[in-house]
Amino acid sequence: MDKVGRVCHIYLTPTHAMLLHNLLGATASGSDGSGPQCVAQFARDLLFRDYYLSSRNGNRIAFAVDIALLHRALRSVLAVHAQSPAAGDAPAAIQVRLVNKLPAGSRSAAPFLTFETKGARAAVVQDVPISRPLSRSDVERLQAALDAAQELPQTLVQVPDLPQLQSLVDRLKNVGDLLTVAVTQYGDLHLQVSTSVVTVGSEFRRLRVLGDRANAPVGDQNLTASTRMDMAVERGEALSVQVNMKHLVKSLHCHLAKPDCTFYGIVPHGACLTVIFQYFIPGTRLTDKSISFYCRLPILDPGSS
Amino acid sequence: MSSSTSGRDDDAPDLVCQLDCVHGMVEALSSARWKRHQDAVMELSQHGVVITVEESGCLQAKVFLKRELFVEYEYAGQGRVRFGLSLGLLIDCLNIFSSPGHASAVEIRYPGPDMQLLLKSVGSPDACMYAEIRTRIPDTVSWDFQFEHAGNTPVTFTVKSAILKESIDDLEWPGSNIQIQMQPDPPSVILKGEGHGDLQIEYPYYANTDLLIAFQCDREVSYRYKYKFLRATTSNIPSSVIKENRGTKVQIGRGGMLKIQHLISVARPGMPYYRNIAGGDDQTSRIVYVEFFVKPEEDDNTVNDA
């Protein structure tokens with residue numbers, strides 16, 4: 001998430017811990033309220049051994065944090081933690097707490113997310129400054145936005161090679177800012193950039209399909225990729241939307257999080273382009289349901305662009 | 001747009017050709033790209049494709065892609081077909097097809113339904129890339145870049161491309177105009193820059209046989225050229241030319257017209273044999289000629305061959 005934006009919300013509920021980016025629109029990232037939304041949700045038991053959470057707001061807490069600082073703290077925690085387990089010792093636990101304390105040189109207490117790590121020879125405490133917890137109404141807005149973001153596309157296609165797609169998009173972004181993405185029910189993914197002087201596109205065919213599917217029409221091999229796609233949209237077997245190239249590039253940075261597989265889909269009525277990343281339970285090909293990680297790219301209205 | 005399309009009622013394209021690897025073509029075209037936005041004229045014929053770029057009537061570059069470079073080359077146009085397009089756009093589009101590790105063949109077709117230049121990846125049925133480049137009615141290419149030898153014997157030398165590039169890069173410091181002087185006795189080439197300071201680079205023919213590969217000059221010739229034009233001729237030489245230790249041929253013709261010719265190999269790395277339309281499998285035919293023509297500065301003080 002480091003690359004998606006500078007600030008994210010951490011949202012803790014009795015069952016899940018979540019990193020949310022851009023869900024609150026303008027309040028989340030200042031002026032750029034229309035960027036891609038990004039949600040990483042972890043089941044409580046996956047991250048924590050003991051978990052205690054209490055608030056006056058139905059035991060839900062949300063606050064904003066600078067991702068770069070959080071990332072730095074986590075790296076150092078990992079480094080210290082890696083030194084610790086002497087033979088026979090149980091691996092040291094990392095304690096994460098939300099505290100209010102008086103920062104040096106300041107008179108008023110400020111909230112921090114505190115990491116306490118015990119290494120072999122050292123114990124390190126790191127305070128990551130965070131925002132004041134969001135108000136009850138903001139938490140409710142966050143929850144509502146999260147609920148709204150649960151809407152799944154009816155058809156998802158699996159993109160086999162994310163780095164390859166990224167290198168393609170890196171080269172396409174020199175051409176133009178506006179990208180047309182189309183997904184068909186028979187597993188075609190079509191990307192196209194068009195400007196007044198050039199049209200460049202790429203079509204991936206016969207990808208794995210989840211959800212609603214249709215049989216590929218026979219005898220369309222000799223058509224051009226764009227005609228094929230236009231016909232599929234006309235038949236109602238495909239959805240096509242336009243997104244900002246920069247948003248797609250940002251969402252592709254998520255492959256740094258090494259997902260095991262990636263799906264693209266368009267939410268009904270073309271509300272947004274959804275990218276879903278899945279992780280397998282280690283050693284299996286089963287999807288790990290305790291992690292949910294997805295991005296939603298806002299759709300640009302062709303009329304307004 | 002093109003005169004040759006009139007009079008034919010079938011909609012067969014003028015040109016359908018296929019390249020097995022666009023990398024070499026990208027390199028060759030890039031060597032003629034000295035700024036971001038350049039208009040180029042593409043000329044198709046049964047012998048191949050020629051791309052011409054020009055700047056302010058003083059500098060012209062031509063990239064010759066012979067038909068032997070293509071895996072397939074079918075030309076159905078009449079005579080020569082010319083159209084204009086943006087060189088940068090063409091390079092960017094070709095680059096999209098040359099993703100590392102996926103050297104798929106590219107089909108080039110002209111004209112499309114709207115007179116576009118069509119590029120399409122071929123070979124993989126499940127992943128396809130395509131580009132449609134809008135073309136223009138071509139600008140007139142000025143013909144006063146016609147190169148003629150001034151006397152009976154051509155005045156020419158051949159130098160390692162890397163050395164020429166390094167010399168021209170070094171001459172950036174004095175800047176302004178660069179004088180190129182060739183003399184038969186002692187046989188040598190002198191590049192001289194006078195501006196913020198003086199810098200003179202001399203290639204003696206006999207002193208070092210590795211330096212000048214060939215030298216031919218029967219009288220002293222000296223002309224001045226704008227530095228930025230000289231620089232354009234070597235600034236984007238592909239690294240393969242340097243690596244393969246190739247030579248660049250420099251000629252001075254009538255009126256001081258300078259002709260610089262690079263040979264760029266478009267052989268696919270790691271693939272010693274390939275099949276071309278002639279069924280041949282030698283890599284020597286996989287050379288792209290890139291030629292630059294630079295007009296001299298008007299200057300009374302230079303020793304002319306007139």
Side-chain angles (χ1 to χ4, degrees), chain A residues 157-177 179-184 186-209 216-230 232 245 252 264, chain B residues 1 11 13 16 22-23 26 30 33 36-40 42 83-104 106-138:
Chain A
V157 293
Q158 181 176 3
V159 177
D161 188 349
L162 217 49
Q164 186 199 345
L165 184 64
Q166 185 172 28
S167 80
L168 169 72
V169 169
D170 279 345
R171 282 169 289 144
L172 284 180
K173 76 180 176 198
N174 295 331
V175 180
D177 294 334
L179 182 76
T180 305
V181 181
V183 174
T184 72
Y186 38 89
D188 290 2
L189 175 69
H190 187 219
L191 308 175
Q192 182 178 295
V193 187
S194 198
T195 68
S196 58
V197 285
V198 69
T199 300
V200 182
S202 183
E203 187 189 37
F204 299 93
R205 310 197 71 194
R206 286 178 267 279
L207 303 172
R208 198 178 137 208
V209 182
V218 195
D220 64 350
Q221 311 303 330
N222 299 324
L223 301 172
T224 66
S226 24
T227 336
R228 204 152 40 209
M229 200 50 61
D230 292 345
M245 182 69 88
L252 280 168
Y264 276 76
Chain B
M1 174 186 285
D11 53 356
V16 181
V22 292
H23 181 71
V26 168
S30 301
R33 185 186 196 184
R36 196 167 155 69
H37 296 290
Q38 277 172 290
D39 286 332
M42 205 160 174
F83 56 89
L85 81 176
S86 151
L87 179 69
L89 200 59
L90 178 63
I91 292 174
D92 285 348
C93 285
L94 283 170
N95 247 328
I96 292 172
F97 292 89
S98 72
S99 76
H102 294 269
S104 64
V106 177
E107 182 191 274
I108 302 173
R109 187 183 279 259
Y110 178 86
D114 200 15
M115 303 307 281
Q116 312 99 318
L117 181 71
L118 306 178
L119 310 178
K120 193 175 86 180
S121 69
V122 287
S124 164
D126 287 349
C128 159
M129 260 186 289
Y130 60 90
E132 298 171 2
I133 305 173
R134 180 74 58 89
T135 60
R136 293 178 288 98
I137 296 169

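Note on naming: letters A, B, ... go to the chains in the order of the sequence lines (proteins, then strands), and numbering restarts at 1 for each one.
- A donor-acceptor contact under 3.5 angstrom links the side chains of A:Gln192 and B:Tyr130, judged on distance only.
- For B:Cys93, the part lying under 4.5 angstrom from a heavy atom of chain A is the side chain only.
- Proximity to chain B (any heavy atom under 4.5 Å) is shown, for A:Thr195, by neither the backbone nor the side chain.
- Proximity to chain B involves both the backbone and the side chain of A:Val197, based on heavy atoms less than 4.5 angstrom apart.
- The backbone N or O of B:Asn95 lies less than 3.5 Å from a partner atom in the side chain of A:Arg171, making a donor-acceptor pair.
- At a 4.5 Å heavy-atom cutoff, the contact between B:Leu89 and chain A is made by side-chain atoms alone.
- A donor-acceptor pair under 3.5 Å is absent between the side-chain atoms of B:Thr135 and the main chain of B:Leu85, judged by distance alone.
- Taken from CG in A:Leu165 to CG in A:Leu172, the straight-line distance is 9.0 Å, to the nearest 0.5 Å.
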